[in-house]
Every structure is written in structure tokens, then in C-alpha cells.
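Just below is one structure, and these are the notes that go with it.
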2 protein chains.
Amino acid sequence: MNEPLYRKVIDKIVAQISTGELLPGSMLPSEMQIAAETGVSQGTARKSLMMLEQLGIVRREQGRGTFVTARTPESSLFNFFRLRQPDGQMIRPELVSQEVTERPALPLERETLDGAPMRVFEIRRVRSLRGTPSIFETTVVSTIRFSGLDQRAPLPNTLYVLYQQSYGCIILRADESISSVLANDDTSQALGVPPGMPLLCVDRVAFDIMGRQVERRRSLCRTDTMVYQVSLT
Amino acid sequence: MNEPLYRKVIDKIVAQISTGELLPGSMLPSEMQIAAETGVSQGTARKSLMMLEQLGIVRREQGRGTFVTARTPESSLFNFFRLRQPDGQMIRPELVSQEVTERPALPLERETLDGAPMRVFEIRRVRSLRGTPSIFETTVVSTIRFSGLDQRAPLPNTLYVLYQQSYGCIILRADESISSVLANDDTSQALGVPPGMPLLCVDRVAFDIMGRQVERRRSLCRTDTMVYQVSLT
DNA sequence: TATATGACATCTTATACAAGACTTATTCTA
DNA sequence: TAGAATAAGTCTTGTATAAGATGTCATATA
């Protein structure tokens with residue numbers, strides 16, 4: 001029982017969000033209300049809320065309130081889409097084609113995806129940047145957690161908004177492993193580039209608010225006109 | 001005068017660090033002392049210190065004190081060296097060769113590097129991972145801010161420790177732009193790989209504690225046995 | 001329509017006490 | 001007496017609470 005009070009308040013709020021009791025975009029109770037409900041002082045409730053803001057789980061605005069982070073197409077792109085023009089300007093990718101298939105989970109997918117699903121949906125998409133097909137993307141999610149996803153075509157440009165709105169799944173973190181590869185036949189055909197062109201291979205695993213791995217994604221990207229940008233601290 | 005008190009305290013401490021009045025690794029005055037010196041309460045001093053910790057500028061330890069972040073070879077690699085084994089394990093790069101030359105600054109370098117230097121040092125290094133030459137790295141810094149750098153051979157594996165210890169320059173942030181390229185003749189010779197091999201091209205600009213751009217670096221990396229890993233939030 | 005007001009939110013600052021880390025003096029033991 | 005174990009004291013930061021300032025917005029009022 002050595003856990004500090006503010007931690008218990010954090011856990012309680014996170015639980016409320018993950019069960020859907022608090023919906024993305026909705027306003028949390030005020031500091032005073034949270035304090036009263038949890039039996040702590042307003043200052044302690046505030047400390048909890050500040051840490052939740054720091055974790056990216058809520059957003060606070062003086063005079064207005066505290067709100068559960070909602071994945072909008074904008075925030076989704078800003079946080080998780082790292083391809084930019086060389087001058088740093090954002091690019092908005094457009095969807096060129098997509099297809100959703102169901103198949104058995106590979107051993108790696110079964111081992112790592114939350115719920116150890118036997119079957120998965122595979123979403124293949126080609127996205128273009130400023131008119132040029134530039135990204136060949138393969139996304140894998142559990143058929144259990146995202147049941148009926150294949151019925152929802154056409155899928156939106158930003159899947160994370162769909163995950164949130166239709167499945168209550170809030171993506172908060174993603175780990176990416178990047179390597180340099182040569183375009184193979186499939187990829188060169190999908191993107192319309194010559195085989196052997198150097199591409200960026202971005203392998204992503206995405207985690208929800210509880211830290212569960214809910215998505216695996218591989219993106220093959222042209223980087224002749226844009227670059228993958230990231231800030232290290 | 002709408003700036004909150006804790007902000008002023010932060011600015012004062014950052015200034016003291018950047019002038020060398022507070023050295024990396026040294027202990028800051030206690031919360032009580034800072035409060036007395038700056039005319040605020042201990043709680044306000046604490047808020048400032050907590051934000052400085054959050055920014056990575058100081059490290060706090062209960063019962064011991066608050067210390068200025070010191071760049072060690074370990075922290076330097078952990079924070080700024082993103083190449084990892086596919087399983088996520090860290091790799092420690094070894095230095096294979098290096099040469100330092102002085103040359104006129106390119107227009108881009110003169111425009112962006114702090115102090116608009118007319119001349120720069122260019123540091124060319126080949127680094128190997130587990131015995132295999134894997135990174136061909138070209139680093140550019142101002143001859144003004146880092147005067148005499150060319151006399152300091154051999155340079156250490158982690159330059160940021162040298163910047164800090166010999167020039168009082170603390171690197172806190174770096175922006176990287178990543179693209180996929182084919183090895184050209186120079187690079188393939190330096191790394192001992194066939195020309196046309198896909199390589200990761202990592203362009204970095206590094207910033208000091210005051211947000212000044214102090215270094216530009218291009219790294220060409222093999223990614224056949226390791227990957228560039230990063231976490232998005 | 002423009003302005004003032006009040007309810008209510010977070011933000012800023014202040015204070016008290018708890019807990020961890022060292023130092024130092026004391027006590028016990030060989 | 002020398003040396004190790006122990007305990008007290010005093011540093012440090014961590015946690016909890018409270019009061020007043022400030023920002024936001026809806027609504028009443030001129």
C-alpha cells in the first residue's frame with residue numbers, strides 16, 4: 001500500500017477511459033470533483049491530471065477543462081506519420097487503393113498481438129503523396145478485437161480514428177524499426193517504380209492506452225522527394 | 001510581466017548552466033537555497049526543478065539532490081544512437097578510422113549553424129558494429145565554437161561528451177531526417193560494401209541547451225543486420 | 001449589438017509533513 | 001585501543017493540502 005495517492009487516481013482515470021466510461025474528446029470531471037470522488041485534495045487530483053497530460057492521455061486548457069485525448073485525422077498524422085517534405089512541411093497522404101483480407105495469424109503475430117488471435121485482418125493500402133504513389137503499407141490487426149473491420153470498407157485514411165471511434169481503442173504509442181531496402185517486384189509494381197529502387201522499410205508496432213500491442217504495420221516508402229523526420233531528446 | 005515565477009527560475013538556471021556557472025554533473029543548490037536566492041517559495045522552486053528534469057536538463061534524486069545532466073558515453077549513445085539489433089538490443093559502435101579537416105562553410109552551413117561561421121571542421125569517421133564497418137559518418141561543426149578541435153585527435157567515440165567537457169556545450173536535442181539511398185563509390189569503398197547496396201541516410205542537426213544549432217551530421221548506415229529504432233508518441 | 005457579470009474551470013504560489021540518503025557520534029566487540 | 005556496527009541528526013527531495021489568481025464561457029443587461 002505504498003503507492004502514492006496520485007498514482008491511484010491516475011490508474012482509476014485510465015481504467016475509466018479504457019472501459020469506455022470516459023469517451024475520447026469528452027471532458028473529465030473538474031479537479032474538485034475528482035478530488036471529492038477519490039477522497040484526495042484538489043492539488044493531488046491536479047498532479048494526477050498533469051501526469052496524464054504528460055503521458056498524452058488528456059489535454060488541459062485553463063478555464064475550460066480537461067479532455068480525453070481524441071485521435072483526429074490531424075493529430076493522427078501529426079504524431080504518427082513522420083514523412084515530411086525536406087523543408088519540414090507536412091504532407092497529407094491520399095489513399096490510392098486498399099484491400100482487406102482475413103487470414104491465419106503468423107506465429108509472430110499470434111505471439112505479440114494482444115489476445116493472441118488465431119486469425120487476423122491484413123489491410124494492404126497504397127498511399128500517394130502529392131499525386132505520386134509513394135507508400136505501400138501492410139497493416140495487421142486481430143480479428144477478435146476488430147471484428148467486422150472487413151465489412152467497413154471503405155476504410156478511412158487514418159485507421160487510428162476508426163480504431164478509436166468504432167472500437168474504443170486509443171493508440172498512444174508506436175515503436176518503429178527502420179531499414180533501407182530495394183524495391184522487389186510486388187512493391188515496384190504497386191508504386192510504379194523501377195525494381196531495385198531504394199525504399200525505406202518502416203516496421204511499426206502500435207500500442208493502446210493499456211500498453212497492449214494492437215497493430216503491426218509495414219510501410220515501404222519512396223524517399224526521393226520526402227524524408228522520414230524525427231526528433232531525438 | 002505575465003511570465004510565471006517558476007518560468008523565471010527556470011530561465012535563470014538554464015542561463016547559469018549555459019554560461020558554465022553550473023557544470024554538468026554538479027549539484028544544484030537545494031530547493032530551499034534556490035527559493036531564497038530567487039525570492040520564491042520552496043514549492044515554486046520545486047516546480048521549476050521538476051520541469052527542468054522533464055526537459056532532461058537536470059536529474060533529481062530523493063535524499064541526494066538535483067544534478068545538471070552530464071553527457072556520458074552511455075547516455076549519449078542511449079539518447080542519440082538509434083541503431084539497434086532487430087531484437088531491440090543496444091549495439092556499441094567502435095571507431096575504425098577518422099580524419100578531421102578544416103574547410104570553408106557551405107552556404108547552408110553558414111546560414112544554419114550557430115554563429116554563422118565562415119569556416120568549419122569536417123569530421124569523417126567510419127564506425128563498425130560487431131566487427132563490421134557499418135556507418136560512414138560526416139560531422140560538421142563551427143571552427144569558432146569548437147576552436148582547436150582538429151588538435152584534439154584522437155577524438156573520442158562519442159563526440160557529445162567532448163563537446164560538453166572541452167567546450168561546455170550540452171547537446172539536448174537532435175532532429176533527424178532519414179532517407180533510403182544507394183551506396184555510391186566513396187561510401188561503398190569506405191564501408192567495404194558493393195556499390196548499389198541500400199543504405200540508410202540519416203541527416204542530423206543537433207541543438208544545445210539554448211536551442212542553438214551547433215552540429216550537422218550525415219550518417220550512411222548499413223541496415224542489413226541492424227535497424228534504426230524510434231518510439232512515437 | 002455590445003458590454004458586464006458570475007459561475008466554474010485550471011494555473012500559480014505557498015506551506016506542512018513524510019521519506020530517503022549521508023554524516024557523524026556513540027556504542028559494542030574483539 | 002582499534003574497528004565495526006548502530007543510532008541520531010540533518011541534509012535532500014517527494015507527497016499532500018489549501019488559498020488566491022487568472023482564463024473561459026454563457027447569460028443577463030444596457
Side-chain angles (χ1 to χ4, degrees), chain A residues 1-17 21-70 72 74-75, chain B residues 1-17 21-70 72 75 172:
Chain A
M1 289 307 246
N2 253 348
E3 210 183 26
L5 291 179
Y6 71 85
R7 184 119 272 300
K8 295 180 184 174
V9 177
I10 289 176
D11 292 341
K12 183 174 179 185
I13 295 174
V14 167
Q16 286 178 331
I17 295 175
E21 195 173 337
L22 283 170
L23 292 173
S26 68
M27 189 173 131
L28 273 71
S30 73
E31 293 177 348
M32 282 302 288
Q33 280 177 273
I34 291 174
E37 286 171 15
T38 55
V40 302
S41 75
Q42 176 256 354
T44 302
R46 139 180 296 280
K47 177 157 186 169
S48 307
L49 290 173
M50 283 174 58
M51 302 201 93
L52 286 169
E53 182 179 39
Q54 150 73 18
L55 292 170
I57 295 175
V58 303
R59 169 179 47 85
R60 314 196 76 200
E61 288 180 42
Q62 179 171 2
R64 298 208 340 116
T66 303
F67 306 86
V68 181
T69 297
T72 63
E74 288 67 36
S75 78
Chain B
M1 290 304 249
N2 254 349
E3 211 183 25
L5 290 180
Y6 72 81
R7 185 108 227 55
K8 296 180 182 171
V9 177
I10 288 176
D11 292 342
K12 183 175 178 184
I13 295 174
V14 168
Q16 287 178 332
I17 294 175
E21 193 174 337
L22 282 171
L23 293 174
S26 69
M27 187 172 133
L28 274 70
S30 71
E31 293 178 349
M32 283 301 289
Q33 278 176 275
I34 291 174
E37 286 171 16
T38 54
V40 301
S41 78
Q42 182 220 4
T44 302
R46 167 162 52 250
K47 174 153 188 167
S48 307
L49 291 173
M50 282 173 58
M51 301 201 92
L52 286 168
E53 182 180 39
Q54 153 72 17
L55 291 169
I57 294 175
V58 303
R59 170 178 46 85
R60 315 196 74 201
E61 286 179 44
Q62 181 172 1
R64 300 214 331 124
T66 304
F67 306 85
V68 181
T69 297
T72 62
S75 77
L172 273 187

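In what follows, every chain begins at residue 1, and chains take the letters A, B, ... in the order their sequences are listed. Values reported hereafter were calculated over all heavy atoms of this structure, with side chains retained and with hydrogens, waters and symmetry mates removed.
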ask   = For B:I10 and C:dT13, what is the distance between atoms CD1 and C1' respectively, to the nearest whole Å?
value = 14 Å
query = What is the distance from CD of A:Q62 to P of C:dT13, rounded to the nearest Å?
reply = 12 Å
Under 3.5 Å side-chain donor-acceptor pair for B:R59 and B:T69 = no
key: Distance in angstrom units between A:R60 CZ and D:dT24 P, rounded   = 14 Å
message = Measure CG/B:L5 against C1'/D:dT22 and give the value in whole Å, please.
response = 14 Å
ask   = Contacts to DNA chain D from residues 34-50 of chain B, heavy-atom cutoff under 4.0 Å, which residues?
value = B:Q42, B:R46
Side-chain touch A:Q54/A:M50, heavy atoms, less than 4.5 angstrom = no
query = How long is the span from the CZ atom in B:R64 to the CE atom in B:M27, to the nearest 0.5 Å?
reply = 8.5 Å
note = Atom CZ of B:R7 and atom P of C:dT13 are separated, to the nearest Å, by 12 Å
message = Need one value for B:E53: base, sugar-phosphate or nothing, where a base atom within 4.0 Å counts as base even if backbone is also close, heavy atoms only.
response = nothing
Whole-Å distance separating the CG atom of B:L52 from the P atom of D:dT13 = 13 Å
query = With a cut-off of 6.0 Å (strictly less than), are more than 12 heavy atoms of other residues, nucleotides or ligands near CE of B:M32?
reply = no
query = From D:dT12, D:dA16, C:dT10, pick the nucleotide closest to the side chain of A:E31?
reply = C:dT10
ask   = Is any side-chain heavy atom of B:V68 less than 4.5 Å from a side-chain heavy atom of B:I13?
value = no
query = Is the phosphate of C:dT10, meaning OP1 or OP2, less than 4.0 Å from a side-chain N or O of A:T66?
reply = yes
request  = Check whether any side-chain nitrogen or oxygen of B:Y6 sits under 4.0 Å from OP1 or OP2 of C:dT13, and answer yes or no.
outcome  = no
request  = Give the rounded distance in Å between these two atoms: CE of A:M32 and P of C:dC11.
outcome  = 15 Å
query = Is there side-chain contact between B:V40 and B:I34, with heavy atoms separated by less than 4.5 Å?
reply = no
remark   = From the candidates D:dC25, D:dG14, C:dC22, the one with an atom nearest any side-chain atom of A:R64 is D:dC25
request  = Specify the separation, in whole Å, of atom CE of B:M27 and atom C1' of C:dA21.
outcome  = 11 Å
task = With the side chain counted from C-beta on, respond yes when A:E31 and A:L49 share a heavy-atom pair under 4.5 Å apart, and no when they do not.
result = yes
